[in-house]
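Quick note: numbers below take in every heavy atom, side chains included, and nothing from hydrogens, waters or symmetry partners.
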Amino acid sequence: MSLVLVARKGRHQQRYENGYRLVAGCIPYRQKTDTESHSGNLIDRLEVLMVSSPNRDDFIFPKGGWENDESVEQAARREAWEEAGVDGIISETCLGSWIFRSKSRQNSCSHEGTCKGYIYALKVTEELQCWPEQASHKRRWIQVREAFKLCRYDWMRFALESFIRLMSDQTMLPAPELPEPKKFQLLHRNPSTAVPLASVPLASTS
């Protein structure tokens, strides 16, 4: 992916499926250097990167429209670059899928105002001091436990749980008990990783 300090604009290449605007996002993460050799607790080893919402006092994971000239993984990396100024290694496993309706931007998705999103894990290997949407999105590295408290939407908490399970599979460290996400309907499971893929029926966001 070619990385430039200009965010994509417009909807002329936007992907749609069955009336849904398709969205891609990711959970950028890193391992804390002060605990990498001292703690056996997986959740204490990791930090995730969240970005502020424009004109609102909350934090979300980078996400945005999936376009026709890119794969869903490329779209997730691009959104992380544009909104948070980071790049890295994208996971092969999708953490989950969800359907949501935007109350503040009913016309920005489909005619019904609904989107379908996919989220991945992104191991951060590059972090810039300037990024395309820096004026709209401030970034913040957060411990996983604290990130659960900051998640405004159920799909975000579900994605964090799936992320921890994926990291547990990769590191062979036990996954800690985490709060059960609510209002989710499981679509299917990947039998090789046991990471659930889910859909959230019309969970409102902006």
Side-chain angles (χ1 to χ4, degrees), residues 1 7-29 48-51 53-54 56 58-84 90-122 133 136-137 147-148 150-166 180-206:
M1 180 176 63
R8 289 192 178 193
K9 302 294 184 182
R11 300 290 171 85
H12 58 284
Q13 294 195 86
Q14 173 64 55
R15 289 179 186 252
Y16 292 88
E17 181 182 89
N18 299 324
Y20 298 141
R21 178 186 175 224
L22 299 185
V23 170
C26 65
I27 298 179
Y29 72 94
V48 296
L49 187 64
M50 303 181 80
V51 296
S53 298
R56 226 170 40 201
D58 61 0
F59 282 83
I60 58 174
F61 298 118
K63 66 176 178 63
W66 172 14
E67 300 192 347
N68 289 324
D69 63 344
E70 59 190 355
S71 68
V72 64
E73 294 88 354
Q74 289 172 332
R77 282 183 62 198
R78 176 176 55 77
E79 290 297 332
W81 181 260
E82 291 179 354
E83 294 189 357
I90 200 82
S91 64
E92 296 181 358
T93 302
C94 182
L95 297 178
S97 64
W98 71 97
I99 295 172
F100 64 89
R101 171 172 293 153
S102 172
K103 289 183 178 180
S104 61
R105 298 181 181 179
Q106 287 290 322
N107 296 324
S108 68
C109 300
S110 68
H111 293 299
E112 295 77 22
T114 53
C115 304
K116 183 175 183 179
Y118 301 85
I119 192 164
Y120 291 81
L122 179 76
E133 298 183 12
S136 302
H137 299 285
F148 267 98
L150 293 178
C151 288
R152 177 171 179 170
Y153 308 111
D154 286 341
W155 69 263
M156 294 174 63
R157 289 185 289 272
F158 182 88
L160 273 175
E161 184 182 52
S162 295
F163 165 73
I164 290 298
R165 292 187 184 186
L166 179 63
E180 288 293 329
K182 300 177 180 179
K183 302 177 184 177
F184 281 84
Q185 297 177 345
L186 291 181
L187 298 181
H188 62 279
R189 289 180 180 269
N190 183 328
S192 63
T193 63
V195 176
L197 303 179
S199 174
V200 185
L202 299 183
S204 298
T205 183
S206 61

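Ile119 places none of its side-chain heavy atoms less than 4.5 Å from the side chain of Lys63. Taking the side chain as every heavy atom from C-beta outward, Lys116 and Glu17 approach each other to under 4.5 Å. Counting heavy atoms from C-beta on, the side chains of Leu166 and Ser91 come closer than 4.5 Å. Residues Tyr118 and Cys94 have side chains in contact (heavy-atom distance under 4.5 Å, counting atoms from C-beta outward). Contact check for Leu160 versus Phe148: side-chain heavy atoms found under the 4.5 Å cut-off.
Between Tyr20 and Cys115, the shortest heavy-atom contact is CB-C, 4.3 Å. In terms of heavy atoms, Glu73 sits closest to Tyr120 at OE2-OH, 3.7 Å. The nearest pair of heavy atoms linking His137 to Pro54 is CE1-CD, 3.5 Å. Of all heavy-atom pairs between Ala76 and Ala24, the closest is N-CB, 3.8 Å.
In this structure, the separation between CZ on Phe163 and SG on Cys26 is 10.5 Å, given to the nearest 0.5 Å. Rounding to the nearest 0.5 angstrom, the gap separating the CE atom in Met156 from the CZ atom in Phe59 is 10.5 Å. Here Ile27 contributes atom CD1 and Leu49 contributes atom CG; the two are 11.0 Å apart, rounded to the nearest 0.5 Å. We find the CZ-CD distance between Phe61 and Glu79 to be 15.0 Å, quoted to the nearest 0.5 Å. To the nearest 0.5 angstrom, Leu95 atom CG is 11.5 Å from Arg165 atom CZ. Taking CG of Asp58 as the reference point, atom CE of Met50 lies at 8.5 Å (rounded to 0.5 Å).
Side-chain atoms of Arg15 come within 3.5 Å of backbone N or O of Glu67 as a donor-acceptor pair. Under a 3.5 Å cut-off, the side chain of Glu83 and the backbone N or O of Ala80 do not form any donor-acceptor pair.
Classification of Arg78 and Glu70 as a salt-bridged pair holds, one side-chain N sitting under 4.0 Å from a carboxylate O.
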### Query
Would Arg157 and Glu161 count as a salt bridge (charged side-chain N to carboxylate O under 4.0 Å, His left out) if you check the C-alpha gap in whole Å, the side-chain angles of each, and the deciding distance to 0.1 Å?
CA-CA 6 Å; Arg157 289 185 289 272; Glu161 184 182 52; over 6 Å; no
| request: Give the intermediate values and the outcome of side-chain contact (heavy atoms from CB on, under 4.5 Å) for residues Arg152 and Ile60. | output: CA-CA 8 Å; Arg152 177 171 179 170; Ile60 58 174; 5.9 Å; no
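Qualifying salt bridge (Lys or Arg N to Asp or Glu O under 4.0 Å) partners for Glu92, counting only residues two or more places apart in sequence or in other chains: none.
The aromatic rings of Trp98 and Trp155 lie parallel to each other, with less than 30° between the two planes, well short of the 60° mark.
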